[in-house]
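Residue indices begin at 1 and follow the sequence shown. If you're wondering where the values come from, they're calculated on a predicted model, not measured in any experiment.
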Amino acid sequence: MSEDEREEKRKQGGFKTMPFILANEICDRFASTGFNANLITYLTQIMHMPMVEASNALTNFSGTSSLTPVIGALIADSFAGRFWSITVGLIIFLIGMISLTISAVAPSLHPPPCADHQLCQKASSWQFFVLYTSLLFTAIGSGGIRPCVVPFGADQYELDGMDSTAKKGHSFFNLYFFSMGFTSLLALTLIVYIQDNVGWGWGFGIPTMVMALSVVFFVVGYPLYIRIKPGGSPLTRLTQVIIAAIKKRNAVRPDDVNLLYQDKELDAKLSVTGQLVHTDQLKFFDRAAIVIDGDMLPSGRPNLWRLATVHRVEELKSITRMLPIWVMYVVLIMALSHNGTFSIQQGRIMDRHITRHFQFPAGSISIFTVIAMLTSLALYDRVFVPLTRRFTKRPTGITCFQRMGIGLVFAMLSNVSAALVETKRKNAMNLHGDTISIFWLVPQFAIHGLTETFFSVGQMEFCYDQAPESMRSSTTALFWLAISFGYYLGTALVTIVHNCTKRGVDWLPDDLNKGKLDSYYWLVTVIQIFNIAYYFVCAKYYTMKPLEGEDEKVVQEVEKTESEEKIEPEATK
């Protein structure tokens with residue numbers, strides 16, 4: 001590399017790129033949050049969709065929006081790179097928002113308002129086509145943005161060349177999550193208020209204009225960015241191990257595991273922090289590492305479609321061991337998929353008055369999830385971790401499995417609160433003709449914020465710690481896939497409940513006062529109880545990913561923590 005090229009590299013990356021990346025992400029989060037927060041109201045009040053149909057449409061949309069990041073991650077890692085994946089994703093998302101804004105403004109693209117004492121006219125097939133096409137464009141755009149933005153921000157410290165790079169990277173993540181939380185709060189209040197009180201043209205138009213700014217901010221920073229070249233999809237390696245094991249399904253596995261094929265030079269780029277150690281689980285895959293005739297190429301290198309190293313076999317085993325936890329996550333998302341639909345519909349028929357002339361927007365009720373999450377995240381590091389560390393002697397206070405378990409319990413309690421509040425709301429209306437305050441919904445949303453603090457962050461820790469280091473992005477994409485499946489299962493559950501109960505007392509009618517939404521919440525609570533029991537069994541029998549020298553590392557961390565705790569009281573004195 002010439003001196004001019006090295007000088008050019010030094011000018012790239014570092015904290016100077018953060019204004020462009022954060023400005024882009026702040027605009028993107030503001031636009032997407034404002035766009036999604038109150039969409040159930042648009043579908044039911046403007047497009048005149050029945051409640052169950054509108055709820056299913058949104059959960060299907062959320063499922064698709066969570067499926068596309070898996071595809072986007074594969075495209076970015078395989079050939080496109082993160083910069084171009086984000087840029088194209090932003091443009092496609094913007095096209096979808098422009099289309100939706102036009103449909104909200106143009107009278108021919110949505111049905112006329114309901115006339116008094118007459119049935120509302122449902123949107124036509126053409127109007128639904130425009131709506132669903134717009135939503136599809138935003139879902140496709142999300143696929144390019146979601147899996148790449150945070151890793152792209154972290155990439156900017158790759159060539160910073162400073163001793164404080166790690167510290168700056170930590171500052172980036174803190175700044176990133178705080179900015180996103182604050183931006184979500186702003187969108188959930190300002191945009192939802194505009195949609196409810198000014199109009200949907202401005203309610204969709206403002207996020208669309210902000211999204212356009214997001215594209216501009218991100219592209220302007222192009223000369224300053226570090227753009228790491230894609231290195232190929234890790235899914236290819238997993239496929240190679242599976243095919244090699246199938247080809248050798250009749251091969252005899254040696255009793256001495258040291259006879260299985262290993263090549264540290266070949267795996268050097270895949271195992272910077274240490275080689276994965278052989279485990280006795282899932283022994284079928286070990287056949288991929290058995291050396292037989294025809295496995296080596298004339299060059300002396302292995303044919304990777306016939307022979308895999310122990311490290312690559314253990315990569316596949318690590319991913320496979322994570323699948324039962326992945327299934328639990330699918331069920332959790334299914335149970336929580338109604339938070340942005342039914343709860344907002346409840347809020348619309350509750351007392352929303354703060355003053356005589358101002359009503360709290362029902363679509364803004366989820367701000368209490370964000371507030372609870374931001375508050376509990378701050379208290380978690382400052383209070384919870386130091387307190388639990390004294391008992392567990394762990395640097396992190398509790399394990400990621402314990403953290404996820406606590407989050408699952410909070411998720412269940414959120415549904416319990418939802419069921420109790422809906423029972424109270426319905427009794428007040430049907431027995432006394434009274435409406436209770438919308439702020440009775442706050443506990444379930446606040447508890448959901450605690451779920452995010454414990455389960456979501458714990459799940460991120462689990463993915464980072466247990467996934468092979470070369471597959472952490474792909475493993476994160478796997479959990480996006482779980483979110484997608486969870487939303488689709490949420491649609492299926494609502495459809496089954498609606499079809500099974502509509503012949504008697506329909507649990508989920510358009511008029512919630514005549515339904516049994518509380519019974520639906522109790523059903524979901526029971527499902528979550530079984531999911532918690534299933535999770536504890538999975539956690540109990542889970543085998544941690546083994547690395548060379550890992551035991552010694554754990555001992556050193558514990559000793560370091562204990563020594564720091566001894567020093568702190570003396571320093572205080």
Donor on one side chain, acceptor on other, Asn60 and Thr491, under 3.5 Å = yes

Looking at the rings of Phe454 and Phe384, which for Trp means the six-membered one, are their centres under 6.0 Å apart?
-> yes

Side-chain donor-acceptor pair under 3.5 Å between Gln444 and Ser343, yes or no?
-> yes

When rounded to the nearest 0.5 angstrom, what is the spacing between CG in Leu238 and CZ in Arg312?
-> 10.5 Å

Checking side-chain contact (heavy atoms from CB on, under 4.5 Å) against Arg348, which of Ile40, Asp196, Ile438 comes through?
-> Asp196

Any chance CZ of Phe129 has more than 12 other-residue heavy atoms, nucleotides or ligands included, within less than 6.0 Å?
-> no

Do Tyr193 and Phe360 have ring centres separated by under 6.0 Å?
-> no

Note, Leu136 side chain near Thr133 side chain (heavy atom, < 4.5 Å) = no

Is atom CZ of Phe137 surrounded by more than 12 heavy atoms (other residues, nucleotides or ligands) closer than 6.0 Å?
-> no

Give the minimum heavy-atom separation between Val370 and Ser184, together with the two atoms involved.
-> CG2-CB, 4.4 Å

For the side-chain contact (heavy atoms from CB on, under 4.5 Å) test, which of Gln45, His110, Gln195 pairs with Trp200?
-> Gln195

Do any N or O atoms from the side chain of Tyr329 and from the backbone of Pro324 form a donor-acceptor pair under 3.5 angstrom?
-> no

Thr208 and Thr101: side chain donor to acceptor below 3.5 Å = yes

For Ile447 and Ser414, work out which heavy atoms get closest and say how close.
-> CG2-N, 3.7 Å

So, the side chain of Thr68 versus the backbone of Ile140: is there a donor-acceptor pair under 3.5 Å, distance only?
-> no

Please answer whether the main-chain N or O of Thr64 pairs with a side-chain N or O of Tyr488 as donor and acceptor at a distance below 3.5 Å.
-> yes

Just wondering, do Gln127 and Ser103 contact through their side chains at under 4.5 Å, heavy atoms?
-> no

Check whether any side-chain heavy atom of Phe455 sits under 4.5 Å from a side-chain heavy atom of Arg403, and report yes or no.
-> no

Quick one: pull up CD1 in Ile406 and CE in Met404 and give me the separation to the nearest 0.5 Å.
-> 11.5 Å

Heavy-atom side-chain contact between Ile92 and Val88 under 4.5 Å | yes

Would you say Thr87's side chain and Phe83's backbone share a donor-acceptor pair under 3.5 angstrom?
-> yes

Is it true that Phe462 and Trp326 have ring centroids separated by less than 6.0 Å?
-> no

Taking the side chain as every heavy atom from C-beta outward, state whether Arg389 and Arg394 have any pair of such atoms under 4.5 Å apart.
-> no

Side-chain donor or acceptor of Tyr535 paired with backbone N/O of Phe401 under 3.5 Å | yes

Are Val330 and Leu481 side-chain neighbours, meaning at least one heavy-atom pair lies under 4.5 Å?
-> no

Does CH2 in Trp305 sit with more than 12 non-hydrogen atoms of other residues, nucleotides or ligands closer than 6.0 Å?
-> yes

Measure the shortest side-chain to side-chain distance between Ser66 and Tyr487 over non-hydrogen atoms and say whether it is less than 4.5 angstrom.
-> yes

Below 4.5 Å, heavy atoms only, C-beta onward: do Arg237 and Leu316 meet side chain to side chain?
-> no

What's the shortest heavy-atom distance between Arg321 and Tyr542, and which atoms?
-> O-CE1, 3.3 Å

Is the shortest distance from a Lys or Arg side-chain nitrogen in Lys317 or Glu314 to a carboxylate oxygen in the other one below 4.0 Å?
-> yes

